[in-house]
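Here is how names work: the chains are called A, B, and so on, in the same order as the sequence lines, proteins then strands, and each is numbered from 1.
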2 protein chains.
Amino acid sequence: MSRPTSKAKPVESAATRAAAVTPAPEGLSIAGVARQAGVSVATVSRVLNAHENVRPATRDKVLAAIDASGYRVNELARNLRTAESRLLLTMVPDFGNPFYAEIVRGIDSIARQHGYFMLLCDTGADPGRERSYFDLLRRRRADGAICLDPATIQQALGEASSALPWVACCEFDPAMGVPYVGIDNYRAAGDAVRHLLARGHRRIGLINSDVDYLYARQRQQGYLDALTEAGIEPLDGWRMNLNSLDYEAGASAAVSLMLPRQGRGQGQTEPPSAIFAVSDTLATGVLHGLRSIGKRVPQDVAVVGFDDISIAAQVDPPLTTIAQPMRELGETAARLLLQRLANPLANVPGVLLPHRLVIRGST
Amino acid sequence: MSRPTSKAKPVESAATRAAAVTPAPEGLSIAGVARQAGVSVATVSRVLNAHENVRPATRDKVLAAIDASGYRVNELARNLRTAESRLLLTMVPDFGNPFYAEIVRGIDSIARQHGYFMLLCDTGADPGRERSYFDLLRRRRADGAICLDPATIQQALGEASSALPWVACCEFDPAMGVPYVGIDNYRAAGDAVRHLLARGHRRIGLINSDVDYLYARQRQQGYLDALTEAGIEPLDGWRMNLNSLDYEAGASAAVSLMLPRQGRGQGQTEPPSAIFAVSDTLATGVLHGLRSIGKRVPQDVAVVGFDDISIAAQVDPPLTTIAQPMRELGETAARLLLQRLANPLANVPGVLLPHRLVIRGST
DNA sequence: CTGAAAGCGCTAACAC
DNA sequence: GTGTTAGCGCTTTCAG
């Protein structure tokens, strides 16, 4: 930026003020402020919480005492008293994955708008961790939770956790009785495949994640049905299931998918002329893998991804993909949770958000 | 969908157990457990906190009462009593950026190892938000903070926040009296440039972030000095400063850097034959931008990035870059903070971690 | 080894 | 409008 304009503030003023103004904010309580202001703790509390029934003059006295002393409310005490932590737990399987990052951002923005902060937990692949996170709710460490992790949701199913205040995001089971937000994975996968069919492809590969997850099964079914409806018999050799969404996993999957292999009975099976990968991270890896074995995209093999994370438009060629409204998914999840917290009895609905096919150079 | 195989667990068992075992865990306190176990609250507390001085028989009685009732400790109360939140605040400028994601992961792992959870805050570009986050410390909402945001650190300078328990990560000012961890940005940038020089480049461009930030100034200086030492006069037209690290920012910067432009006095300046971008996200965008104007990498223009995020190895061509030990940066930051919390008086040092030049196809 | 009791700092009735 | 007071649920002396 080179412009020396902007951030040049007079630093001394702040430093001086700090020295003069903050005698010992540590260990200062509402009682201390009350004494200094010559009022009761109740009045200080009222001012702190912006209650109406305080005479302006009194309020000013209190306010003066507060910023003369540098007092800050102790939220530990407030939280105990009000029996809420004002924290929302967000469980993600991997916050290195840009897909989750964007959703988390949506959650964060809504949460903050409502005076909540976000406790972010990476569940990783560790099953022990996963299980224990729901306990944070029972221990009152968080008021509610949003779960983005398929594995954790599987876990939750087996426990009596449906009574706990949480919502599922992206991976969900409508039958579970837990509020959720996501997209129609079946239709989305079908859309991807139909796009490839329209481009003239007949041998379409699928690089999917673990079919233990509902979303993976739904996308697989969408893929299978779209092919069948087009009069194509889907071969098993076209499909791969991975337990990772990393770039590398996509790259090596692509390579092995292109390897000539034995078909059932009738000799060699031709490798797919197109690959549908269920995440853009995988698809990005697929591009890399195909390049490494000299396949050109889209001339030799077309590629469709899923999610539309920001890298999708940057790779070469840019990825055709199914866009998920990531930000809105996060925001909606947060709203559903807040709604559930505000009214524990209300029937919070499951909601499906629209997806969209984004066509770029990879097909 | 389809396969009913895998995770078909006997769901009833869990459901039944829940119904039988959990009468009303809500509103159950340590006093209730004490009553059920026929002991005092003090004893229950001792068991809860694994104190040694409890007779085994008593302990067992208490344990039995605890899991008969489904009791969970109320951490709100515990936190007030012990005057700690067991939360570590992590401030990032943008958790959509994979660089920060990996660091955050390092922080999280160390924090959890020590019984802390992580309050993650995206400071975004909002100056109002930035300022208020340090207040979370004063309000006892977090026990300590790790700041990854250059802008927030600038901000902190102006306040009396150096007494607060926080550490700086990646962006830091050794003169600030705040513990920090980072790398030697000056040397790292020099290494990148010297690599390019060794490849025979004489016109080397720099795509930098805002020079308001110390790390940006250090990298710029490293770049300038490396050129000068090689007997090259760095032209102003080779440098750009951006206020974003997004892919798109890198792409458009690359395009405009390649534009023929007026040199100082002597007519046309030739565009750089190599570009050093101060983050891999920018560099990835640079690749995209160069491609869009028909430049080949590395034949027409070489590119060096910074960070070595995982996408760097996947793009085409794979990025030569300066690797930062992201995970270790996060872990170290967390350790320094924990150290500072354990012993507020101790002099916590600043630490520099080694960087490394990773050579790939883009040069 | 166990129990009684004193708060942590705050909010919210309930009086005045 | 303002003050008094009773806890929120826990940990931790201090006695016994």
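- In this structure, the side chain of B/R86 does not engage the main chain of B/E84 through any donor-acceptor pair within 3.5 Å.
- With hydrogens and angles ignored, the 3.5 Å screen pairs a side-chain donor or acceptor of B/T82 with a backbone N or O of B/R78.
- A donor-acceptor pair is defined here as one N or O able to donate and one able to accept, closer than 3.5 Å; such a pair exists between the side chain of A/E171 and the backbone of A/L214.
- An OP1 or OP2 oxygen of C/dG9 is reached within less than 4.0 angstrom by no side-chain nitrogen or oxygen of A/S29.
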I'd like a table of atom pairs between the protein and nucleotides 5-7 of chain C - only N or O on both sides, under 3.5 Å - with the distance next to each one.
{"unit_1": "C/dG7", "atom_1": "N2", "unit_2": "B/R81", "atom_2": "NH1", "d": "2.8"}

Could you list the donor-acceptor pairs under 3.5 angstrom formed by side chains in residues 105-123 of chain B, with sequence neighbours left out?
{"unit_1": "B/R105", "atom_1": "NH1", "unit_2": "B/E102", "atom_2": "OE1", "d": "2.4"}
{"unit_1": "B/R105", "atom_1": "NH2", "unit_2": "A/D94", "atom_2": "OD1", "d": "2.2"}
{"unit_1": "B/D108", "atom_1": "OD2", "unit_2": "B/R112", "atom_2": "NH2", "d": "2.9"}
{"unit_1": "B/S109", "atom_1": "OG", "unit_2": "B/G106", "atom_2": "O", "d": "3.4"}
{"unit_1": "B/R112", "atom_1": "NH1", "unit_2": "A/Y133", "atom_2": "OH", "d": "2.2"}
{"unit_1": "B/D122", "atom_1": "OD1", "unit_2": "B/G124", "atom_2": "N", "d": "2.8"}
{"unit_1": "B/D122", "atom_1": "OD2", "unit_2": "B/F95", "atom_2": "N", "d": "3.3"}
{"unit_1": "B/T123", "atom_1": "OG1", "unit_2": "B/V92", "atom_2": "O", "d": "3.1"}
{"unit_1": "B/T123", "atom_1": "OG1", "unit_2": "B/D149", "atom_2": "OD2", "d": "2.4"}

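- DNA chain D lies under 4.0 Å from at least one heavy atom of each of the following residues of residues 46-55 of chain A: A/R46, A/N53, A/V54, A/R55.
- When rounded to the nearest whole Å, the span between CG of A/L76 and C1' of D/dT11 equals 14 Å.
- Dashed line: the shortest gap from a side-chain N or O of B/T43 to OP1 or OP2 of C/dG3 is under 4.0 Å.
- Between the CG atom of A/D60 and the C1' atom of D/dG1 there is a distance of 15 Å, given to the nearest Å.
- Taking atom CZ of A/R139 as the reference point, atom P of D/dG9 lies 17 Å away to the nearest angstrom.
- One atom, CZ of A/R78, and another, C1' of D/dG9, lie 19 Å apart when rounded to the nearest Å.
- Whole-Å rounding puts the B/L80 CG to C/dG9 C1' distance at 6 Å.
- With a 6.0 Å radius and a threshold of 12 heavy atoms from other residues, nucleotides or ligands, A/N49 has its CG atom above the threshold.
- Heavy-atom neighbours of A/N343 CG from other residues, nucleotides or ligands within 6.0 Å: above the threshold of 12.
- For B/N79 against B/S85, the heavy-atom pair with the smallest separation is ND2-O, 3.9 Å.
- Each of D/dG9, C/dG9, D/dT11 was ranked by its minimum atom distance to the side chain of B/A77; first place goes to D/dG9.
- Contact annotation: B/S40 side-chain N/O to C/dG3 OP1/OP2 distance is under 4.0 Å.
- Contacts classified as salt bridge (charged side-chain N to carboxylate O under 4.0 Å, His left out) and involving residues 327-350 of chain A (residues at least two apart or in different chains) are given here: A/R327-A/E331.
- For the pair B/L28 CG and D/dC8 C1', the computed distance is 15 Å after rounding to whole Å.
- Two end axes, each from the C1' atoms of five base pairs, can be drawn for the helix from C/dC1-D/dG16 to C/dC16-D/dG1; they diverge by 40°, to 10 degrees.
- Nucleotide C/dC10 holds its P atom 16 Å from the CD atom of A/E84, rounded to whole Å.
- In terms of heavy-atom proximity, B/G182 sits nearest to B/F172 at CA-CE2, 3.8 Å.
- One atom, CZ of B/R72, and another, P of D/dC10, lie 13 Å apart when rounded to the nearest Å.
- Each of A/S45 and B/G38 has a nearest nucleotide on DNA chain C; the 5'-most of these lies closest to B/G38.
- Here the closest non-hydrogen pair linking B/V178 and B/V167 is CG1-CA, 4.1 Å.
- Paired with A/E75 under the rule salt bridge (charged side-chain N to carboxylate O under 4.0 Å, His left out), one option of B/R138, B/R140, B/R139 passes, and it is B/R139.
- Residue pairs meeting the salt bridge (charged side-chain N to carboxylate O under 4.0 Å, His left out) criterion with at least one member in residues 36-64 of chain B, sequence neighbours excluded, do not occur.
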